[in-house]
Amino acid sequence: QGHIAYSGGGLVQPGGSLTLSCAVSGLAFSNHAMAWYRQAPGKERELVASISIGGGVPNYEDSVQGRCTISRDNAKNTVYLRMTNLKSEDMAVYYCNAHPPVFPYWGEGTQVTLSS
């Protein structure tokens, strides 16, 4: 079934920065494009950013374009999301999965909370 371990979420002030990490085991990480998704309270899970298998083709949802950087380390089976200039609308639980999300296991995600 695999396992996904998250780190890097937390409480941050508007305008602050965070780097999220997602370490994948037991799943074919290096065979898939990967992505970060997020789910805010009362909303459906949405795609935030994706990255190709080799890491050379990132794509971003319009609302985070210019504020986020997705990257991956295939040797570590890990994908990262660097988030800067955080806004209240970024507050959500963040998840990673393949793109499209073919992994059956999502894990608990990592919470990003904005507070002034």
Side-chain angles (χ1 to χ4, degrees):
Q1 183 177 359
H3 181 70
I4 298 178
Y6 296 94
S7 62
L11 179 66
V12 63
Q13 292 185 347
S17 302
L18 287 172
T19 299
L20 310 181
S21 299
C22 163
V24 178
S25 60
L27 299 166
F29 180 90
S30 60
N31 291 344
H32 294 276
M34 292 296 296
W36 282 93
Y37 305 81
R38 67 185 179 188
Q39 187 168 20
K43 295 186 177 181
E44 295 187 354
R45 190 175 297 169
E46 65 174 357
L47 176 68
V48 177
S50 64
I51 189 166
S52 59
I53 292 174
V57 184
N59 284 284
Y60 301 95
E61 190 263 335
D62 287 346
S63 69
V64 303
Q65 179 75 46
R67 299 190 296 117
C68 288
T69 303
I70 187 171
S71 60
R72 67 187 293 165
D73 185 337
N74 287 342
K76 296 181 178 180
N77 284 5
T78 299
V79 61
Y80 306 93
L81 186 69
R82 173 67 175 171
M83 308 176 66
T84 63
N85 190 20
L86 283 159
K87 303 178 180 181
S88 58
E89 53 262 41
D90 296 319
M91 188 160 60
V93 179
Y94 285 72
Y95 302 88
C96 76
N97 204 301
H99 180 60
V102 297
F103 295 162
Y105 178 74
W106 286 81
E108 296 181 354
T110 186
Q111 176 73 50
V112 172
T113 303
L114 277 288
S115 176
S116 58

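Here, residue 1 is the first one in the sequence, and each next residue gets the next number.
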K.L.:
Restricting to non-hydrogen atoms, name the atom on Ile53 and the atom on Asn31 that form the minimum distance, rounded to 0.1 Å.
P.N.:
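Looks like CD1-O, 3.4 Å.
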K.L.:
Using modelled atom types and a 3.5 Å cut-off, is there a donor and acceptor pairing between side-chain atoms of Thr113 and backbone atoms of Leu11?
P.N.:
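Checking the backbone N and O of Leu11 against the side chain of Thr113, no donor-acceptor pair under 3.5 Å is found.
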K.L.:
Is it true that a side-chain atom of Trp36 and a backbone atom of Ile70 form a donor plus acceptor pair closer than 3.5 Å?
P.N.:
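No; zero donor-acceptor contacts below 3.5 Å.
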K.L.:
Looking only at non-hydrogen atoms, find the nearest pair between Ala98 and Met34 and report the distance.
P.N.:
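Heavy atoms of Ala98 and Met34 come nearest at CA-SD, 3.7 Å.
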K.L.:
Between atom SG of Cys96 and atom CD1 of Ile51, what is the distance when rounded to the nearest 0.5 Å?
P.N.:
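Spacing of SG (Cys96) from CD1 (Ile51) equals 12.0 Å.
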K.L.:
How far apart are the closest heavy atoms of Phe29 and Arg72, and which atoms are they?
P.N.:
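In terms of heavy atoms, the two residues are closest at O-NH2, 3.0 Å.
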K.L.:
If you take all heavy atoms of Leu27 and Pro104, which pair is closest and at what distance?
P.N.:
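Looking at all heavy atoms of both residues, the shortest contact is CD2-CD, 4.5 Å.
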K.L.:
Less than 4.5 Å apart, any side-chain heavy atom of Leu47 and any of Glu61?
P.N.:
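The answer is no; the side chains never approach within 4.5 Å.
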K.L.:
Evaluate Met91 against Arg38 for side-chain contact (heavy atoms from CB on, under 4.5 Å), listing each step before the verdict.
P.N.:
CA-CA 9 Å; Met91 188 160 60; Arg38 67 185 179 188; over 6 Å; no
K.L.:
Please tell me if the side chains of Val48 and Leu81 come closer than 4.5 Å, counting only heavy atoms from C-beta onward.
P.N.:
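The answer is yes, as the side chains (C-beta and beyond) meet within the 4.5 Å cut-off.
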K.L.:
Measure the shortest side-chain to side-chain distance between Tyr80 and Asp73 over non-hydrogen atoms and say whether it is less than 4.5 angstrom.
P.N.:
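They are in side-chain contact.
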K.L.:
Quick one, Ile4 and Tyr105 - any side-chain contact, counting heavy atoms below 4.5 Å?
P.N.:
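A side-chain contact exists here, since the closest heavy-atom pair is under 4.5 Å.
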K.L.:
Is the number of heavy atoms from other residues, nucleotides or ligands within 6.0 Å of CD (Glu44) greater than 12?
P.N.:
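Atom CD in Glu44 is not crowded, with 12 or fewer foreign heavy atoms closer than 6.0 Å.
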K.L.:
Taking Lys43's backbone N and O only, do any of them form a donor-acceptor pair with Gln39's side chain (distance below 3.5 Å, no angle check)?
P.N.:
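Flag set: sc Gln39 to bb Lys43 pair under 3.5 Å.
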K.L.:
Which heavy-atom pair separates Asn74 from Asn77 by the least distance, and what is that distance?
P.N.:
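Smallest interatomic distance, heavy atoms only, reads O-OD1, 3.1 Å.
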K.L.:
Could you tell me if the side chain of Ser17 sits less than 4.5 Å from the side chain of Arg82, heavy atoms only?
P.N.:
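Sidechains of Ser17 and Arg82: in contact.
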K.L.:
Quick one: are Cys22 and Val24 in side-chain contact, heavy atoms under 4.5 Å?
P.N.:
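Yes, their side chains come closer than 4.5 Å.
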K.L.:
A side-chain contact here means heavy atoms from C-beta on lying under 4.5 Å apart; do Trp106 and Asn97 qualify?
P.N.:
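Yes. Closest side-chain heavy atoms under 4.5 Å.
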K.L.:
Taking atom types as modelled and ignoring hydrogens, do the side chains of Arg67 and Thr84 form a donor-acceptor contact shorter than 3.5 angstrom?
P.N.:
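There is no such pair (donor and acceptor under 3.5 Å, judged by atom type) between the side chains of Arg67 and Thr84.
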K.L.:
Cut-off 3.5 Å, side chains only: do Arg45 and Tyr37 have a donor facing an acceptor?
P.N.:
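There is no such pair (donor and acceptor under 3.5 Å, judged by atom type) between the side chains of Arg45 and Tyr37.
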K.L.:
Check whether any side-chain N or O of Asn59 sits under 3.5 Å from a backbone N or O of Ser50 as a donor-acceptor pair, and report yes or no.
P.N.:
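No, the answer is negative, given that no donor and acceptor are paired below the 3.5 Å cut-off.
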K.L.:
Locate the shortest heavy-atom distance separating Tyr60 from Ala49; write the atom from each residue and the value.
P.N.:
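Shortest heavy-atom separation between Tyr60 and Ala49 comes out as CD2-CB, 3.5 Å.
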K.L.:
Ignoring hydrogens and angles, tell me if any N or O in the side chain of Ser52 forms a donor-acceptor pair with the backbone of Val57 under 3.5 Å.
P.N.:
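It does hold such a pair.
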K.L.:
Between the side chain of Tyr6 and the main-chain N/O of Ala23, is any donor-acceptor distance below 3.5 Å?
P.N.:
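Judged by distance alone, no pair lies under 3.5 Å.
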K.L.:
Rounded to the nearest 0.5 Å, what separates atom CG in Leu18 from atom CE in Met83?
P.N.:
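Leu18 atom CG to Met83 atom CE measures 7.0 Å (nearest 0.5 Å).
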